[in-house]
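Structure, as structure tokens:
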Amino acid sequence: MQYKNILLIDDDTDDQEIFMTAVNEIAESVTCSALSNAAEALKQLESNVINPEVIFLDLNMPVMSGQEFLMRIKNTTQLNKIPVIIFSTSSNTNTISLMKEMGAHDFITKPNKYDQLVDVLKTTLL
Amino acid sequence: MENLQGQEKTAVDFMSIVNTLPLVVWTAAPDGGLTYISRQWEDIYDNPVSESLGNGWATFVHPDDVEKAGAEWVHSLQTGENYEAEFRVRYKKTDYQWILVRAIPNYNASGEIISWNGSNTNINDKKHSEAAARESERNLRNVILQAPVAMAILKGKDHVVELANEFMFELLGKGSSDLMGKPIFTGLPEARGQGFEALLDGVYKTGETFSAQGVAVSLTRNGEKQNIFTNSVYQAYRQPDGSISGIIAVATDVTKQVTSGKKIQEAEEFLRGAVELANLGTWTLDLKTRTLEYDGRIRNWFGFSSDEIIDVDRAYSPILEEDRHLVKASMTHALTPGTNGIYDVEYRIKNLKDASTKIIHAQGRAIFNEENEVYKITGTAQDVTIERNIESELTRQVQQRTEELAASNEELQATNEEIAATNEELEESNLKLMGSNAELEQFAYIASHDLQEPVRKISTFMQMLEKSLGNISEKSKNYLDKINVSADRMSILIRDVLAYSHLSSVNDNYEDVDLNQVLHDAVSDFELSVEHKKAVIAYSGLPTIEAIPLQMSQLFSNLLSNALKYSKDDVSPEIKITAGLLTRQEAAEYPILAGKKAYYKIQFSDNGIGIQEDQIERIFNIFQRLHARNEYAGTGIGLSICKKIVSNHHGHITAVSSPGGTTFDIILPQDFRKNLK
């Protein structure tokens, strides 16, 4: 397992549950935490409260959008090395390429099937 | 003795007679020597009798005449013929005078000359008048010959040409040999019958001079018949005694003057005619007297009486005061040296008598004397009242029409504004409609997007539920499957609606799209299905058009998908795609197309199950399905998307169908943005 400490930022708690279930199914040893508020997440990252190796980021969120979060973190020297993988319902190619241009490591469209999610996370994390 | 006495007395008497005769008598010997000279000799001649006897007389004969006189005397002496000679002898008081000498011989019985009796008569006066006559004739001839005009002398009742000068020959067009010595009407037969016979006869008989100017004569000059005009004088030619011996004819050729005079006359007549015809008045301003000559017409217009003398000040009186400066200015211009001297002005007048008004157009030209000073101005005047009134009426009508047009224009403008207002309203409505459409599309987008989330979660949690339940009954498993299938269907439905609504909301860039490539890629995507159904797909020569690449892919994918899906069970699908440029005439059949573009017509035909004719209209409607889901899978959005895409590209899509298959006609512009020139 490449990453031992994973952070998911997603305001949808259902998705948080699904994501964490899938990650645990792949590797029980991985620490996965989830935050619903991107602004709060940024604060914690800046103050070293959390130190994830990789961040999965939803885009469509209240308070602070995923896009803003990505921009902030890429402009923060101590944090800009952490890979950010977009985890969104969007499959819009323009959005995908825009995010990658902004420094996103990868882009995963939330699949309709749990099995598909497990498969795509396996490929990403292992 | 008596006889003697008588004889002597006779001799004495004879001598006294001789001595009283008013002439000199003499006798001569047969040898010619003078033997007796009467007493008068010495009284008359400057030569004493003693020195004149014998041959002494010759010494006082004029040296120029002596030889001739002598020779003739010798001749008479030798022949015995009477002597008669005229020569000059020296007179006592008056130098040489002419004398006539006559002598007759006296014969004896044997016929011999025994003596000569002679007499001298003074003929000086006669001789001088003869010379004078000769002189005068010679002078006349010289005058005639040297005259600068044609002259001739016609002699006798037949008018024989005695003399004519070169000018006469020239005038008559004849040579000297034609005329000289011949009656005039013989040498000049063509002159007969023109009245000249009577004319010449009259002068010859009456002696009355005839003169005439510009007489026309028809002559054959140098072989050519010509009409000439002459000024001529025919005068009697009189002898010294006053008798008429002929006619002196003098003539000058005035053909040129007459004809040019005729021309001037004609021109003047023509001008007069023109002046009359144009109803022009004529006028002359004499600058010396400062008076104006007006013809009757102008006097009538202005109200001057026919005998009134009009000076410059008076001339201004009929002219309206406010127009007088125009007249003055034009007159000053014409009089100013160095200008063209043209006077041209239009002014209004009020008749001095009846106060009627007219508009007069006067034109004139300054006339210069030899010192190049203007001494008069002469010209014409025209009553242009009617013309000007017509003009102003026309101007008024034009003005009226212009105003009417302006009014119409205003009305039109108002109508236009109304139309514009209506258009604005329409535009507003359109904007509202577009807004509504956009809102609807936005709603569809949001709805489908937000709908997708719960559906996705249903599907995901369903799988998670299955896993957590572990072994379940077959019945439970069946229910779970049905939920999954429904969720999947809903997901697809939502995806398609999303795709449809997405078509309007994106502002994709238009690019050159090679439809061959698009079709190639689409066919690749359906590889499995094509293989499975053993479908044959033929296409080539498709154009490259300006379009949104993704939408073109979607268009042909949907069409291919339909064609493969709605194939006949027992027949391999045959799909054929062709394309060609639409002619203008063909394009005109589709009112929806912008006429200025070049369009391609792409025909997409299959040999599938076809569409019933009455259903064709409906196939492009969203969610329109013609078949039960268990027959053919689908959401009923595919062809709506095709129509939307074609419409996005300002094109047109229709379908024709038969039991043998369906053909879609897709018309797309070659260049989406560019109009044809």
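Atom set for the values below is all heavy atoms of this structure, side chains included, hydrogens, waters and symmetry mates excluded. Below, chain A is the first sequence line, B the second, and so on; all start at residue 1.
Checked against side chain to side chain donor-acceptor pair (under 3.5 Å), A:E25 has the following partners two or more places apart in sequence or in another chain: A:Y114. For the side chain to side chain contact (heavy atoms under 4.5 Å, CB included) test, no residue two or more places apart in sequence or in another chain qualifies with B:S647. For A:S65, the side chain to side chain contact (heavy atoms under 4.5 Å, CB included) partners are A:Q67, A:E68, not counting sequence neighbours.
For the 3.5 Å distance criterion, the side chains of B:D521 and B:Q517 qualify, holding a donor opposite an acceptor.
Contact tally against chain B (heavy-atom pairs below 4.5 Å) for A:L117, A:D115, A:D12: the top residue is A:D115.
Aromatic ring centroids of B:H649 and B:Y510 lie under 6.0 Å apart.
Scanning residues 463-472 of chain B against chain A with a 4.5 Å heavy-atom cutoff picks out B:Q463, B:M464, B:K467, ordered by number.
Put simply, the side chain of A:L79 reaches to within 4.5 Å of the side chain of A:I82, judged on heavy atoms.
Heavy atoms closer than 4.5 Å to chain B are found nowhere in A:S91, neither backbone nor side chain.
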Subject >> Evaluation steps, side chain to side chain donor-acceptor pair (under 3.5 Å), between B:Y600 and B:Q670 >> reply: CA-CA 6 Å; B:Y600 280 105; B:Q670 184 178 35; 3.3 Å; yes

